[in-house]
Amino acid sequence: METYTIAVLAGDGIGPEVTTEAARVLEAAVKQAGRTVALREALVGQAAIEREGAAISEETMALCQRSDAVLFGAVGGAGVGNPNSKQQPEQALFRLRKDLELFANLRPVRPYPALVGASTLKRSVLSGVDLVVVRELTGGLYYGKPSEIRDGVDGKGASAVDTMAYTEEEIERIVRYAYTLAQGRRKRLTSVDKANVLSCSRLWRRVVDRVSADYPDVETRHLLVDSCAMALIRSPRDFDVIVTENMFGDILTDEASMLTGSMGMLPSASLGLRKTAHGHQFGLYEPIHGTAPDITGQGKANPLAAILSAALLLRYSLGLQRAAGAVERAVRQVIAQGYRTPDIARPGEQVVSTREMGAAVLGALTASKKE
Ligand code: NAD
């Protein structure tokens, strides 16, 4: 029987709460598909800094390297740690993305009809929205050097510098990824940049124009990031695949999460070109939200983004399409049945805890047919 190895890095804040539920659902879905999975837990983020001296240890990196996939929670400031320290929890994610060459971050956004009322946007704006943001993940402002705060000299105040840099190759591989994805969808690609101001964006646009000739079946449009931020709220149905650089993608997907009503609903897959021992795509899967220090340890976190991330893991890294579909159906079912964590509940609606929501999905999954 085929056995998969998954590194489970729950991290900080609500990371462990939501990842526990996602890991349970993942295990059950793999079992239903007649396979076995070994879940290997390791520390990451602030927890790892405190216990192992680094945001991610060499052992944990090695575990990830030999796994089929990484199921990740969230890392970062739960009001602990020193913001001036050289050891920051987020370094774990940056290292994982860079060392594992996970350059493509896919963030599907499809509001659930039963949850339309949880969004601040009108039902008429949300119906029919089905888009994917493809965010470049290993370049741009988050990796460029120099990036530092410089002490002031000669009586001048301190200064700071960050660097945005992209190579043509980095842009081309993510753009091709997005085009291929668009070919399997509604064949509309929106490339988002800030070409009126940034050199990186002008190169980005030049590469998109060149590469677009290889995908004549896909309609291409360019949009400035500020304009895109507006259009995402005004007419989100107009989008199919959005491709953009690292920081723009980071910001736009938080905005897009509001189309689904909550940060707690949006999963993501980080992929590259690396194959697993079983011949599938290696990847890292995580909810798009952070550690949510304001609700940590209260059983209020919505585990659905983490569970939906596990569904993406089943699809891309284990090749278990039907198991992935079964998890997504189980999530749809519990939402339709009215299960609501506080973030997606309307005033007066009864709410369930993180654990109860996880158990409801598990129940719906195990009640469904075997793959
Ligand atoms: P956040 O995503 O943690 O929280 C934003 C808001 O959304 C909060 O009100 C929070 O309660 C709510 N929220 C988030 N996830 C939720 C869930 N599953 N269920 C219900 N409500 C949810 O963003 P933030 O507050 O800006 O950041 C907190 C920390 O997380 C920071 O240290 C940040 O660096 C870190 N962070 C980490 C990641 C990651 O690990 N990938 C991503 C984003 C932020």
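As the structure lists them, so they are numbered: ligands from 1, and atoms in each ligand from 1.
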| message | Out of all atoms in ligand 1, which are within 4.0 Å of some heavy atom of Ile14? Include the element for each. | response | 15 (N), 16 (C), 17 (C), 18 (N)
| query | Using 4.0 Å as the upper bound for N to carboxylate O, is an ion pair formed by Glu219 and Arg221? | reply | no
| said: Polar contacts were defined as any N/O atom of the residue lying under 3.5 Å from an N/O atom of the ligand; does this apply to Lys300 and ligand 1? | reply: no
| query | Taking the minimum heavy-atom distance to atom 40 (O) of ligand 1, which of Leu9, Asp250, Val75 ranks first? | reply | Val75
| Phe72 and Tyr285: aromatic ring centres closer than 6.0 Å? | no
Mind listing the side-chain donor-acceptor pairs of residues 303-310 below 3.5 Å, one per line with the distance, residues two or more places apart or on another chain?
from	atom 1	to	atom 2	distance (Å)
Ser309	OG	Glu286	O	3.2
Ser309	OG	Ala305	O	2.7

| task | Classify the contact between Asp294 and ligand 1 as side chain, backbone, both or neither, using a heavy-atom distance cut-off of under 4.0 Å. | result | side chain
| said: Looking at ligand 1, is there an atom of it that comes within less than 4.0 Å of some heavy atom belonging to Ala305? | reply: no
| request: Just jot down the ligand 1 atoms closer than 4.0 angstrom to any heavy atom of Ala292, in number order. | output: 3 (O), 10 (C), 11 (O), 14 (C)
| note | Note: Met263, heavy atoms under 4.0 Å from ligand 1, region reported as side chain
| task | Heavy-atom contacts with Glu90 under 4.0 Å: which atoms of ligand 1 show up? List them by number with element. | result | 32 (O), 33 (C), 34 (O)
| query | Can you list the atoms of ligand 1 that are under 4.0 Å from a heavy atom of Leu93? | reply | 39 (C), 40 (O), 41 (N)
| query | Is the closest basic N to carboxylate O distance between Arg24 and Glu21 below 4.0 Å? | reply | yes
| Tyr177: partners by ring pair (Phe, Tyr, Trp, His ring centres under 6.0 Å), with sequence neighbours left out | Phe103
| task | Flag Asn302 as yes when one of its N or O atoms lies below 3.5 Å from any N or O atom of ligand 1, and as no otherwise. | result | yes
| said: Under the criterion salt bridge (charged side-chain N to carboxylate O under 4.0 Å, His left out), I'd like the reasoning laid out for Asp130 against Arg185: C-alpha separation, chi angles, the key distance, then a yes or no. | reply: CA-CA 10 Å; Asp130 179 4; Arg185 293 176 46 98; 3.4 Å; yes
| Considering only heavy atoms of Glu286, which atoms of ligand 1 have at least one such atom less than 4.0 Å away? | 41 (N)
| query | Quick one: which ligand 1 atoms are inside 4.0 Å of a heavy atom on Pro293? | reply | 28 (C)
| Any chance CZ of Arg205 has more than 12 other-residue heavy atoms, nucleotides or ligands included, within less than 6.0 Å? | yes
| task | Give yes if a backbone or side-chain nitrogen or oxygen of Gly76 is under 3.5 Å from a nitrogen or oxygen of ligand 1, and no if not. | result | no
| query | Counting each atom of ligand 1 from 1 as listed, which ones have a heavy atom of Gly264 under 4.0 Å away? | reply | 17 (C), 18 (N)
| said: Considering both backbone and side-chain atoms of Phe72, is one of its nitrogen or oxygen atoms within less than 3.5 Å of a nitrogen or oxygen in ligand 1? | reply: no
| message | Below a 4.0 angstrom heavy-atom separation, can you tell me which part of Pro287, side chain or backbone, both or neither, approaches ligand 1? | response | neither
| field | Matching residue for Trp204 among Val243, Asp209, Val192 - test: side chain to side chain contact (heavy atoms under 4.5 Å, CB included) | value | Val243
| query | Salt-bridged, Arg95 to Glu58, with N to O below 4.0 Å? | reply | yes
| said: Below 30° counts as parallel, above 60° as perpendicular, anything between as tilted: where do the rings of Tyr179 and Tyr215 land? | reply: parallel
| In ligand 1, which numbered atoms sit nearer than 4.0 Å to a non-hydrogen atom of Ala301? | 19 (N)
| For the rings on His280 and Tyr316, is their centre-to-centre separation under 6.0 Å? | no
